[in-house]
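Below is one structure, written out as structure tokens, with a few remarks after it.
Protein chains get the first letters and strands the later ones, always in sequence-line order, with residue 1 at the start of each.
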There are 2 protein chains.
Amino acid sequence: MQVTIRDVAKASGVSPSTVSRALTPGGTVSPVTRERVRAAADRLGYQPNQAARGLITGRTGHLGVIVPDLLNPFFADICKGVQARARGLGHTVFLSDAERDEGLELDAIRTLAPQVDGIVLCSPHLSGEELGSLGELTDKPIVLLHRKEPGFGCVTADLVEGITDALTHLHALGHRRIAYVGGPRSSWAARERAAGVAAVAESGLVEIVQVGSVAHHIGTPGGVTGAADVVLASGASAVLAFDDIVAFGLMSRFAVRGVRVPDEMSVVGCDDIALAGMAAPPLTTVSVPKAHGARAAVDLLFRMLATPAAEGEQPPQRVLPTHLVVRGSTAALERR
Amino acid sequence: MQVTIRDVAKASGVSPSTVSRALTPGGTVSPVTRERVRAAADRLGYQPNQAARGLITGRTGHLGVIVPDLLNPFFADICKGVQARARGLGHTVFLSDAERDEGLELDAIRTLAPQVDGIVLCSPHLSGEELGSLGELTDKPIVLLHRKEPGFGCVTADLVEGITDALTHLHALGHRRIAYVGGPRSSWAARERAAGVAAVAESGLVEIVQVGSVAHHIGTPGGVTGAADVVLASGASAVLAFDDIVAFGLMSRFAVRGVRVPDEMSVVGCDDIALAGMAAPPLTTVSVPKAHGARAAVDLLFRMLATPAAEGEQPPQRVLPTHLVVRGSTAALERR
DNA sequence: GTGAAAGCGCTAACAC
DNA sequence: GTGTTAGCGCTTTCAC
């Protein structure tokens with residue numbers, strides 16, 4: 001069976017409590033004893049039982065991360081980042097893929113909450129009310145990643161910044177009429193990005209043609225073909241897409257229609273997923289900090305754990321910068 | 001604080017053990033009591049503490065999944081599948097990304113093992129010996145996914161089948177000289193696939209030009225540009241790549257060199273990652289069952305948990321079929 | 001500085 | 001069919 005604290009105690013000739021103290025950072029033991037205990041623990045290959053420890057301390061040593069769809073490289077990247085940071089802080093992470101189903105997502109929160117110290121939640125689809133009533137499900141700290149909602153610790157990216165850069169870049173290339181293909185209406189990120197585009201359009205820098213919203217996911221083409229055709233018919237010379245997946249979908253259709261990117265149509269994505277740079281042509285896109293955001297979310301979670309928010313106090317909200325990555329899918333209009 | 005079994009016991013006027021029995025599937029309680037207890041549990045929002053339960057039963061209710069790199073959509077897909085199946089079986093899953101570092105991978109096994117009932121391990125890079133000595137680290141059951149090694153429960157895909165289909169497909173299109181760009185030498189999958197290609201080459205169906213091995217990962221281009229140039233210089237009219245990521249890398253270089261796919265060069269990938277169908281042109285590729293493999297691995301793990309292998313007995317090994325998915329990156333040689 | 005005892009939330013024997 | 005008791009592995013008072 002497993003090596004327990006009593007085995008180590010026997011092997012080093014002390015009591016279990018002394019072993020516990022010797023192995024705990026703040027423990028008050030003589031240096032000699034500590035060394036002896038450590039040696040014995042090493043020799044026996046002792047691994048403290050987290051579950052038993054958690055029963056006493058109230059800390060599980062686990063974190064939860066919930067994403068809507070791991071097939072989307074954007075979220076895979078986030079999970080990787082959360083896991084890496086958690087490991088650095090001595091925690092393990094539970095993964096939950098909600099399969100873009102709100103019921104499953106609520107279930108996941110319910111199941112995970114009692115087993116973790118806190119949760120990093122990527123939830124573009126839950127309504128503000130549902131999110132607000134999460135307090136009834138658990139009092140474990142929850143950090144929202146890439147979503148902002150009052151009452152939560154949040155880490156988001158400043159998309160307006162990146163979108164402005166993208167539109168300015170297209171303007172500099174001579175584009176004046178630019179299509180925007182939005183994401184699913186139910187998505188907070190989609191609404192946020194659409195608002196960002198609208199804000200820049202207000203400034204009158206370029207003319208924006210709104211091409212509705214597509215629910216285009218990996219493995220589930222949702223109207224992106226039609227959207228591409230509308231873009232082509234709109235007279236726009238460039239298109240900005242809700243995310244890189246949509247951008248790929250558009251480029252795919254453009255290829256079928258014989259429209260060359262970037263010569264006849266410039267395309268800009270959003271997210272900068274890992275494969276964006278490997279497409280042909282490589283995608284110009286607004287880079288959203290994925291690993292950085294994940295790290296910030298975990299760090300925020302730990303800060304909330306260390307100093308719980310006072311009654312009525314808002315947990316911190318952090319906004320990360322975005323920037324445009326210019327690659328090969330955008331070109332000057334003159335080339336046309 | 002948390003609702004405990006004692007709260008439920010008080011609320012329903014029975015003892016804690018009766019509550020435990022009432023809530024356990026096989027428990028021997030009167031139907032009336034069971035109902036009363038259930039109602040009270042529901043009303044109080046009781047969630048049994050898995051950690052405390054595990055301390056007694058020896059079952060944690062957790063599984064671990066370890067992958068070398070979550071950024072690779074192949075592994076993201078696998079994690080999604082493992083998590084989905086585990087959820088269906090009432091288990092939660094710990095995720096660990098080993099960052100293609102064998103030291104981290106061994107650490108992850110050490111850390112995870114005591115906290116889970118079993119582990120699904122995707123380890124292309126650990127040596128056979130390292131794998132063999134895992135028994136010293138833990139006696140929790142481990143299932144190898146997409147790797148075969150004696151002494152382990154394994155789920156793999158029959159690549160020879162898919163590779164044969166791919167080469168036959170290219171042959172039917174008139175291709176006779178076909179390049180193969182292999183994966184990293186340290187990878188079990190790369191060696192396995194290379195052997196598969198070599199086996200088919202033996203049959204004399206087509207001539208295979210070996211173009212060495214590239215260590216091309218997402219975010220880490222490893223010689224794929226050079227490999228693409230070698231392919232171009234080799235006189236081959238088609239190329240089979242170690243995986244879809246390498247295939248994308250090749251296509252990217254071909255685009256830069258002005259070589260059109262599939263008109264001037266046919267490209268076949270391997271894995272069929274979710275984005276393969278969204279590339280321009282969509283990639284013809286050997287489809288490896290990712291979600292299916294993940295499900296099979298979890299199922300195998302549970303079978304091993306239910307009936308531990310007798311001394312010296314080999315755990316089951318399962319081989320899944322693969323098949324070619326023909327898309328737009330391959331075309332008849334005549335078109336050239 | 002160290003040991004003894006209590007107990008975290010739960011289940012498994014064992015009585016009744 | 002149900003309650004009582006013991007104890008999983010650990011940390012944390014409280015003595016000494």
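- Between the CG atom of B/Leu55 and the P atom of D/dT11 there is a distance of 12 Å, rounded to whole Å.
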Output a table of donor-acceptor pairs, distance under 3.5 Å, between side-chain atoms of residues 40-51 of chain B and any protein atom two or more places apart or on a different chain; print 'none' if there are none.
residue : atom : partner  : partner atom : Å
B/Gln47 : NE2  : A/Arg110 : O            : 3.2
B/Asn49 : OD1  : B/Ala51  : N            : 2.9
B/Asn49 : OD1  : B/Ala52  : N            : 3.1

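- Distance CD (B/Gln50) to P (C/dC10): 10 Å, rounded to an integer number of Å.
- Looking at A/Glu136 and A/Ser133, their side chains never bring a donor and an acceptor atom within 3.5 Å of each other.
- Near DNA chain C, defined here as any heavy-atom distance below 4.0 Å, the residues from residues 7-33 of chain A are A/Val14, A/Ser15, A/Ser17, A/Thr18, A/Arg21, A/Thr28, A/Val29, A/Ser30, A/Thr33, listed numerically.
- The distance from atom CZ of B/Arg6 to atom P of D/dT5 is 13 Å, rounded to the nearest whole Å.
- Going from the C1' atom of C/dA6 to that of D/dT5 covers 16 Å, rounded to whole Å.
- Formation of a donor-acceptor pair under 3.5 Å by the A/Arg147 side chain with backbone atoms of A/Ser123 is found in this model.
- Look at CD on B/Gln115: it is 14 Å from C1' on D/dC10, rounded to the nearest Å.
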Fill in the blank from the handout: Taking Watson-Crick and G-U wobble contacts under 3.5 angstrom, with | marking pairs to another strand and [ ] crossing pairs, the secondary structure of DNA chain D is written ||||.|||||||||||

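- Minimum heavy-atom separation, B/Val67 to B/Cys79: CG1-SG, 3.7 Å.
- Per the geometry, CD1 belonging to B/Ile56 stands 5 Å off C1' belonging to D/dC8, to the nearest Å.
- Proximity of a side-chain donor or acceptor of B/Arg87 to a complementary backbone N or O of A/Ser96 within less than 3.5 Å is not detected.
- The CG atom of B/Asn49 sits 16 Å away from the P atom of D/dG9 (whole-angstrom rounding).
- A donor-acceptor distance shorter than 3.5 angstrom exists from the side chain of B/Asp97 to the backbone of B/Leu70, with no hydrogens or angles considered.
- Counting heavy atoms of neighbouring residues, nucleotides and ligands inside a 6.0 Å radius, atom CZ of B/Arg36 exceeds 12 of them.
- Relative orientation of the B/His146 and B/Phe74 rings is tilted, given thresholds of 30° and 60° on the angle between their planes.
- Comparing B/Arg36 and A/Thr4 by the nucleotide of DNA chain D that holds the closest heavy atom to each, the one mapping nearer the 5' end is B/Arg36.
- One interatomic measurement links the two molecules: CD1 of A/Ile5 to C1' of C/dA4, which rounds to 14 Å at whole-angstrom precision.
- Atom-to-atom distance recorded for A/Arg34:CZ and A/Arg21:CZ is 11.0 Å, nearest 0.5 angstrom.
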